[in-house]
Asker: 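Once you've had a glance at the structure underneath, I'll fire off some questions.
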Amino acid sequence: MAENMEQIRKSACFFCHQNCGMLVHVKEGEVIANQGDPDHPLSRGGMCARGQIALKHHKHPARVNYPLKRAGQRGEGRWEQITWEQAFDEIACKLAKFREESGAETVCSAGGTHRTDDWARRRFMNLFGSPNVFHTSHVCWIPTFMIETAIYGWCAFDLDLPQSKCVVLWGHNPGSSYLPEMRSLFDMRDLNGTKIIVIDPRLTESAAKADLWLPLRPGTDAALALAWLNVIIYEGLYNQTFVENCCFGWDKLVQHMRPYTPEWAAPITWIDAKKIRAGAHMYATNRPGNIQWGVAVDQIGKGASAAIHARALLRAVTGNLDAPGSDLLCGPNQRMITDEEMECNEQIPEEKRAKQLGSNRYKLVAWPGYNKIAELTKRVWGKAPPAEWMCEAHGPSVFEALLTGQPYKPRALLVLANNPLLAYPDAKKVYRALQEVELLTVMDYWLTPTAMLADYVLPAADWLERPTITSTYGCSDFVIASQRAVQPLYERRTDFEFWKGLAERLNQKEFWPWITLEEAYFDRLRPLGYPANNYDEFVEKIRYDFPPREYYKYGRIGFATPSGLVELYSQTLEELGYDPMPTYVGLIDNREEDSELAKQFPLTLIAGSGFMPYYHSEHRQIKQLRFMRHQPRVQMNPEIAHELGINDGDWVWIETQRGRIKHVAELTQGVHPRTVCTERGWWFPERKGEEPDLYGVWQCNSNVLTSGAPEFCDPMSGSWANRGLLCRVYKVEKENLP
Ligand SMILES: Nc1nc2c(c(=O)[nH]1)N[C@H]1C(S)=C(S)[C@@H](COP(=O)(O)OP(=O)(O)OC[C@H]3O[C@@H](n4cnc5c(=O)[nH]c(N)nc54)[C@H](O)[C@@H]3O)O[C@H]1N2
Ligand SMILES: Nc1nc2c(c(=O)[nH]1)N[C@H]1C(S)=C(S)[C@@H](COP(=O)(O)OP(=O)(O)OC[C@H]3O[C@@H](n4cnc5c(=O)[nH]c(N)nc54)[C@H](O)[C@@H]3O)O[C@H]1N2
Ligand code: SF4
Ligand SMILES: [Mo]
């Protein structure tokens, strides 16, 4: 096609992992417009405010466009522009030196949420010999994935909504976090009369439309889920056939659940026993039903696993698993080359696996747990979930190792698609840890607060500049392929090229045969057997592959667990030294209501949840979005605010034992008088980037308030606590107003 003709490219937005389909209009190699793709099977033409500003993001004057090397002191903000060749040569040379002097494991890599080709990161790190890859996985879906897989052989995230009679949104607010999903859900409710239950301390966009809203005390989800199990078991609302034929450990579970009555849970959860029962009845009697994953439960730190585990067992005892209208076990993609198959996991020796930081303490989402899960899933499904995400070093433990040198001191941190100062707990500790690292590289679109501390900053290509494969972190049975709309501007490169560039200098050349990312993707899709000669043609002609839906797969293959059944009593968890059935362990900060600490910090904190229009710490640079939400807001109830002399719009301090931050008070009846909710991810790109300001990162960053210390973390999953912490709130003094 002539260069000057307008072309439409079938792309996918990657400002979040909904990956909405986009039709991108391109003329003379430049993007001129983008619109939602009405033929996209999931987003159906929809897009959110972030999708709308893709062009502003693409052409924003503050984007990092060339590799930068630190010229002054760390954090001084003086940079020298260098070539990619120089950056690769220098970084690779340092990595080789660290490997030789102190072992490959001293090179670590940090990620955030899924934004990019993480199989490439893992492939590089495995071949390099380091097990120390980590993400925010321990607080985002992965505890859920691994616990559910331990119990029933895959995570039941594939929801068969059209036939469902009841959907539970448990710590999930698609009304601000997944807008396309919110639309489908409420369209379906209007069409089918599906019941919707929302379990959320706040009256959210989703809760406002629910049939039943259970406003629980933050962090007490395990108590609520256990009480639902108690009701369902002891009132005989369970699915007897499923329990008898498909489950292991029923008698033990019945005994174990005896104490967890709604009356026991009421004072813990702040929900009255009648309402707890009503919720359990609604879910158990409107079958088939779904429980939609929400990240809140992964973020309650100590005790997160009990909540996740109990929530999963609710599906099992009601038989809401892999049946029409319930939560399905899709299993891995059977025909394409999966993320896991791209990772070269077999290349990392046992002796290096044992050096994975945090894996001796938090075993499930690390090599000890992953080994078991991978063996079972391979036996039944033929394939394993990816090690990237499911088998990780523990971020807070890596930062701890940097500060203490125990069990050894990491020397390099390769940060990519992550803003650690805003994403990981106890941000001041993360900051001190980053000062300790000898080599810090950051690949990003912007000079973020974290990038300001780097030795090298590398310019990342955005979603318009690269192809995308969508397959739910490499864990679903379907695939959607999308095109690169344009070649990267300036010297921006894809994350894949970053790993490949290093790999080629570190003796991995034979493992990276592809020149472009499209070539790698096409190799992965080739086994699907479609008539296409290259990736672009695949997208043009085929674009997606959804295998026919098969219900009750367990009838044919069984469940990928030691017994081949749904394990109400989990042998995998027991073998790892964990509780085979969920047990309530209480809140992290205060077990006793009258403790000294609870007197000093009388309120319960939610340290951030999703809100529009931002994605975590991103997009504050984009004027059109900033106009919608200019500064951070803390939600609190007018009753407590008035007691504290706080008015709507006042700047207030929110303080925990770790530190304090400022937000603007937003008074709302939609939260309990004892609960406050801050926003996550705030920094101010318009302020000074150099030390000590770092774009105002210490002013409003919710992670100043959180903790990743072992006593706050869940031993099974490694979750740290962002929800259910103790805090106090008071007005900002005149001299401290921003
Ligand atoms: N207190 C508190 N902390 C939390 C949470 C919370 O609710 N409260 N939520 C947690 C959760 S669920 C998550 S997932 C994490 C998110 O943590 P992060 O993923 O670190 O969050 P982001 O702010 O989105 O940072 C991503 C960075 O990567 C850059 N980026 C985006 N796309 C790409 C790409 O394709 N390539 C490259 N190289 N860079 C890219 C962005 O510009 C941004 O600077 O935070 C966790 N931390
Ligand atoms: N706009 C926007 N969308 C996003 C993101 C974003 O940053 N911004 N991030 C993306 C990512 S990486 C993720 S993981 C998803 C997460 O999306 P969701 O699963 O929707 O999670 P959150 O929005 O963090 O929180 C959901 C709800 O949990 C409630 N909550 C807080 N504490 C508790 C608790 O202890 N128990 C219960 N039951 N509920 C609680 C909060 O009030 C909130 O309304 O969103 C994705 N989408
Ligand atoms: S940021 Fe918005 S448009 Fe982009 S994928 Fe997510 S929901 Fe879709
Ligand atoms: Mo997340």
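For ligands, and for the atoms within them, numbers begin at 1 and follow the listed sequence. Start at 1 with the first residue, then count along the sequence.
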Asker: Between the candidates D444, L416, T116, which shows the shortest non-hydrogen contact distance to atom 29 (C) of ligand 1?
Answerer: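 Nearest heavy atom to atom 29 (C) of ligand 1 lies in D444.
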Asker: Looking at K56, I'd like to know if its NZ atom is crowded, meaning that more than 12 non-hydrogen atoms belonging to other residues, nucleotides or ligands lie closer than 6.0 Å.
Answerer: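 Atom NZ in K56 is not packed in, count stays at 12 or less.
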Asker: Any non-hydrogen atom of R466 lying under 4.0 Å from ligand 1?
Answerer: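 So R466 counts as touching ligand 1.
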Asker: Determine whether any heavy atom of H114 lies closer than 4.0 Å to an atom of ligand 2.
Answerer: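 Outside the 4.0 Å threshold, so no.
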Asker: As a check for students: among C16, A721, S617, identify the option with a heavy atom nearest to atom 23 (O) of ligand 1.
Answerer: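 When every heavy atom of C16, A721, S617 is considered, S617 comes closest to atom 23 (O) of ligand 1.
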Asker: If you measure only the distance, is there a donor-acceptor pair under 3.5 Å linking the side chains of D117 and Y521?
Answerer: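 Per modelled atom types, D117 and Y521 side chains form a pair under 3.5 Å.
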Asker: Compute the shortest N/O to N/O distance between F611 and ligand 2 and return yes if it is under 3.5 Å, no if not.
Answerer: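 N/O-N/O distance below 3.5 Å exists for this pair.
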Asker: Under 4.0 Å from a heavy atom of C140: give me the atoms of ligand 2 that qualify, with their elements.
Answerer: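 It comes down to these atoms of ligand 2: 14 (S).
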Asker: Heavy atoms only: which of R493, Q621, H616, Q299 lies closest to atom 13 (C) of ligand 1?
Answerer: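 Nearest option to atom 13 (C) of ligand 1, by heavy atoms: H616.
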Asker: For T113, is at least one N or O under 3.5 Å away from an N or O on ligand 2?
Answerer: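 There is no such contact.
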Asker: Heavy-atom distances under 4.0 Å decide this one: backbone, side chain, both or neither, for N418 against ligand 1?
Answerer: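 Near ligand 1, N418 shows its backbone as well as its side chain.
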Asker: When you measure from the centre of the six-membered ring of F712, is the NZ or CZ of K302 under 6.0 Å away and within 45° of the axis?
Answerer: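 The answer is no, since K302 fails at least one limit relative to F712.
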Asker: Going by the angle between their ring planes, with limits at 30° and 60°, are W720 and Y424 parallel, tilted or perpendicular?
Answerer: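 Rings of W720 and Y424: tilted, as their planes differ by 30° to 60°.
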Asker: Under 4.0 Å, heavy atoms only, figure out whether ligand 1 is touched by the backbone of W446, its side chain, both or neither.
Answerer: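 Answer for W446: side chain.
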Asker: Taking atom types as modelled, is there a side-chain donor on T220 or T269 under 3.5 Å from an acceptor on the other?
Answerer: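 Per modelled atom types, T220 and T269 side chains form no pair under 3.5 Å.
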Asker: Within a distance under 4.0 Å of any heavy atom of G610, pick out the atoms of ligand 2 and give their elements.
Answerer: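 Close to G610: 22 (P), 23 (O), 24 (O).
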Asker: Closer than 4.0 angstrom: is that true for some heavy atom of A607 and an atom of ligand 1?
Answerer: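 Yes; A607 lies near enough to ligand 1 that a heavy-atom distance drops under 4.0 Å.
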Asker: For ligand 2, which atoms sit closer than 4.0 Å to a heavy atom of T204?
Answerer: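 Answer for ligand 2: 44 (O).
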Asker: Stepwise, does the side chain to side chain donor-acceptor pair (under 3.5 Å) test hold for S702 with T678?
Answerer: CA-CA 7 Å; S702 280; T678 60; 2.8 Å; yes
Asker: Parallel, tilted or perpendicular for H172 and W293, by the 30°/60° rule?
Answerer: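 Rings of H172 and W293: tilted, 30 to 60°.
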Asker: How far is atom 4 (C) of ligand 1 from its nearest protein heavy atom, and which residue and atom is that?
Answerer: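 Scanning the protein heavy atoms, the shortest distance from atom 4 (C) of ligand 1 goes to N722 ND2, 3.6 Å.
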Asker: Side chains of H394 and S397: is there a donor and an acceptor less than 3.5 Å apart?
Answerer: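 Yes, because at least one side-chain N or O of H394 sits under 3.5 Å from a partner of the opposite role on S397.
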Asker: Please list, in number order, the atoms of ligand 2 under 4.0 Å from a heavy atom of R680.
Answerer: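 Taking each heavy atom of R680 in turn, ligand 2 has 5 (C), 6 (C), 7 (O), 9 (N), 24 (O) under 4.0 Å.
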Asker: Under 4.0 Å from a heavy atom of I199: give me the atoms of ligand 2 that qualify, with their elements.
Answerer: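 Answer for ligand 2: 37 (C), 38 (N), 39 (N).
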Asker: Looking only at distance, does H172 have an N or O less than 3.5 Å from an N or O of ligand 2?
Answerer: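 Looking only at distances, the answer is yes, because the N/O contact criterion of under 3.5 Å is met.
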Asker: So for ligand 1, is A423 a polar contact partner (N or O within less than 3.5 Å, distance only)?
Answerer: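 Yes.
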Asker: Could you verify whether a donor N or O on one side chain and an acceptor N or O on the other, from W141 and D298, lie under 3.5 Å apart?
Answerer: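 No pair is found: no donor N or O on one side chain lies under 3.5 Å from an acceptor on the other.
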Asker: Under the 6.0 Å and 45° cation-pi test, does R620 pair with F684?
Answerer: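 No, R620 does not sit over the ring of F684.
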Asker: Can you check which of V139, T136, N701 brings a heavy atom nearest to atom 15 (C) of ligand 1?
Answerer: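 The nearest heavy atom belongs to T136.
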Asker: Quick one: does W293 get an N or O within less than 3.5 Å of an N or O on ligand 2?
Answerer: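 Such a contact does not occur with ligand 2.
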Asker: Using a strict cut-off of 4.0 Å, indicate which atoms of ligand 2 neighbour a heavy atom of L216.
Answerer: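 Counting from 1, the qualifying ligand atoms are 36 (N), 37 (C), 38 (N).
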Asker: Given L169, N173, L179, D200, identify the one with the heavy atom nearest to atom 27 (C) of ligand 2.
Answerer: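 Ranked by closest heavy atom to atom 27 (C) of ligand 2, first place is D200.
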Asker: If I apply the N/O under 3.5 Å rule, does D221 come out as touching ligand 2?
Answerer: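 Indeed, backbone or side chain, D221 has an N or O that close.
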Asker: Quick one about R680 and H616 (side-chain donor to acceptor, distance below 3.5 Å, no hydrogens or angles considered), yes or no?
Answerer: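 Looking only at side-chain atoms, R680 and H616 do form a donor-acceptor pair, the distance falling under 3.5 Å.
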Asker: Do you see a donor-acceptor pair shorter than 3.5 Å between the side chains of D714 and S719?
Answerer: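 S719 and D714 do not have a side-chain donor-acceptor pair below 3.5 Å.
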Asker: Any idea how H57 and W446 line up, ring-wise: parallel (<30°), tilted (30 to 60°), or perpendicular (>60°)?
Answerer: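 Ring orientation of H57 relative to W446: perpendicular.
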Asker: If I apply the N/O under 3.5 Å rule, does Y424 come out as touching ligand 1?
Answerer: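 No, Y424 has no N/O under 3.5 Å of an N/O on ligand 1.
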Asker: For ligand 1, find out whether one of its N or O atoms is nearer than 3.5 Å to an N or O atom of N703.
Answerer: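 N703 vs ligand 1: N/O contact under 3.5 Å present.
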Asker: Please check whether S609 reaches ligand 1 - meaning an N/O of the residue sits under 3.5 Å from an N/O of the ligand, judged on distance alone.
Answerer: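 It does not: no N or O of S609 is found under 3.5 Å from an N or O of ligand 1.
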Asker: Determine, using heavy atoms of S176 and all atoms of ligand 2, whether some pair is separated by less than 4.0 Å.
Answerer: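 In this structure, S176 qualifies as a contact of ligand 2 - some heavy atom is under 4.0 Å.
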Asker: Looking at ligand 1, is there an atom of it that comes within less than 4.0 Å of some heavy atom belonging to R723?
Answerer: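 Contact check R723 vs ligand 1: positive.
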Asker: If we set the cut-off at 4.0 Å for heavy atoms, which region of S177 has an atom near ligand 2: side chain, backbone, both, or neither?
Answerer: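 For S177, backbone and side-chain atoms both sit under 4.0 Å from ligand 2.
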Asker: Between E465 and R493, does any side-chain N to carboxylate O distance fall below 4.0 Å?
Answerer: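 Not counted as a salt bridge, because no side-chain N and carboxylate O are separated by less than 4.0 Å.
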Asker: Show me which atoms of ligand 2 lie under 4.0 Å from any heavy atom of G294.
Answerer: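 Near G294, meaning under 4.0 Å from one of its heavy atoms, ligand 2 has 19 (O).
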Asker: Return each pair, listed once, that meets salt bridge (charged side-chain N to carboxylate O under 4.0 Å, His left out) where at least one residue sits in residues 442-458; pairs must be two or more places apart or across chains.
Answerer: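 Sorted result for residues 442-458: R70-D455, R74-D455.
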Asker: Examine L422 against ligand 1 and note whether any of their N/O atoms are separated by less than 3.5 Å.
Answerer: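 N/O-N/O distance below 3.5 Å does not exist for this pair.
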Asker: With respect to Y614, determine whether any N or O atom, backbone or side chain, lies less than 3.5 Å from an N or O atom of ligand 2.
Answerer: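 Yes, there is a polar N/O contact under 3.5 Å.
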Asker: Closest by any non-hydrogen atom to atom 34 (C) of ligand 1: pick that one out of Y445, Y615, W683, W463.
Answerer: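 The option holding the nearest heavy atom is Y445.
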Asker: For residues H138 and E392, is any side-chain donor paired with an opposing acceptor at under 3.5 Å?
Answerer: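 No, no side-chain donor-acceptor contact under 3.5 Å.
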Asker: For R121 and S109, does a side-chain donor sit closer than 3.5 Å to a side-chain acceptor?
Answerer: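 Short answer, yes.
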Asker: Does ligand 2 have an atom under 4.0 Å from some heavy atom of R217?
Answerer: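 No.
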Asker: Please report which non-hydrogen protein atom sits nearest to atom 39 (N) of ligand 1, along with the residue it belongs to and the distance in Å to one decimal place.
Answerer: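 Closest protein heavy atom to atom 39 (N) of ligand 1: A417 CA, 3.2 Å.
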Asker: Is V297 in polar range of ligand 2, meaning some N or O pair under 3.5 Å apart?
Answerer: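 In this structure, V297 places no N or O atom under 3.5 Å from an N or O of ligand 2.
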Asker: I want to confirm something. Looking only at heavy atoms, which of A304, P174, G219 is nearest to atom 35 (O) of ligand 2?
Answerer: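 Among A304, P174, G219, the closest heavy atom to atom 35 (O) of ligand 2 comes from G219.
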Asker: State whether the shortest distance between N or O atoms of G608 and N or O atoms of ligand 1 falls below 3.5 angstrom.
Answerer: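 Yes - when backbone and side-chain N and O of G608 are compared with those of ligand 1, one distance drops under 3.5 Å.
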Asker: Does ligand 2 come near enough to P201 that some N or O of the ligand is less than 3.5 Å from an N or O of the residue?
Answerer: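 No, P201 has no N/O under 3.5 Å of an N/O on ligand 2.
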Asker: Side chains of N173 and E205: any donor to acceptor distance under 3.5 Å?
Answerer: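 Yes.
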Asker: Is the distance from the ring center of W170 to that of W228 below 6.0 Å?
Answerer: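 Here the rings of W228 and W170 have centres that are less than 6.0 Å from each other.
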Asker: Got T604 and L725 here, is their nearest side-chain heavy-atom distance under 4.5 Å?
Answerer: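 Of all side-chain heavy-atom pairs linking L725 with T604, none is under 4.5 Å.
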Asker: Using a distance-only test with no angle check, is there a side-chain donor-acceptor pair under 3.5 angstrom linking Q292 and E181?
Answerer: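 Yes.
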Asker: Counting non-hydrogen protein atoms only, what is the nearest one to atom 24 (O) of ligand 1? Give residue, atom name and distance.
Answerer: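 For atom 24 (O) of ligand 1, the nearest protein heavy atom comes out as E618 OE2, 2.5 Å.
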Asker: Less than 3.5 Å apart, any donor N or O on the side chain of R311 or T144 sitting next to an acceptor on the other?
Answerer: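 Note: R311 and T144 side chains meet the donor-acceptor criterion.
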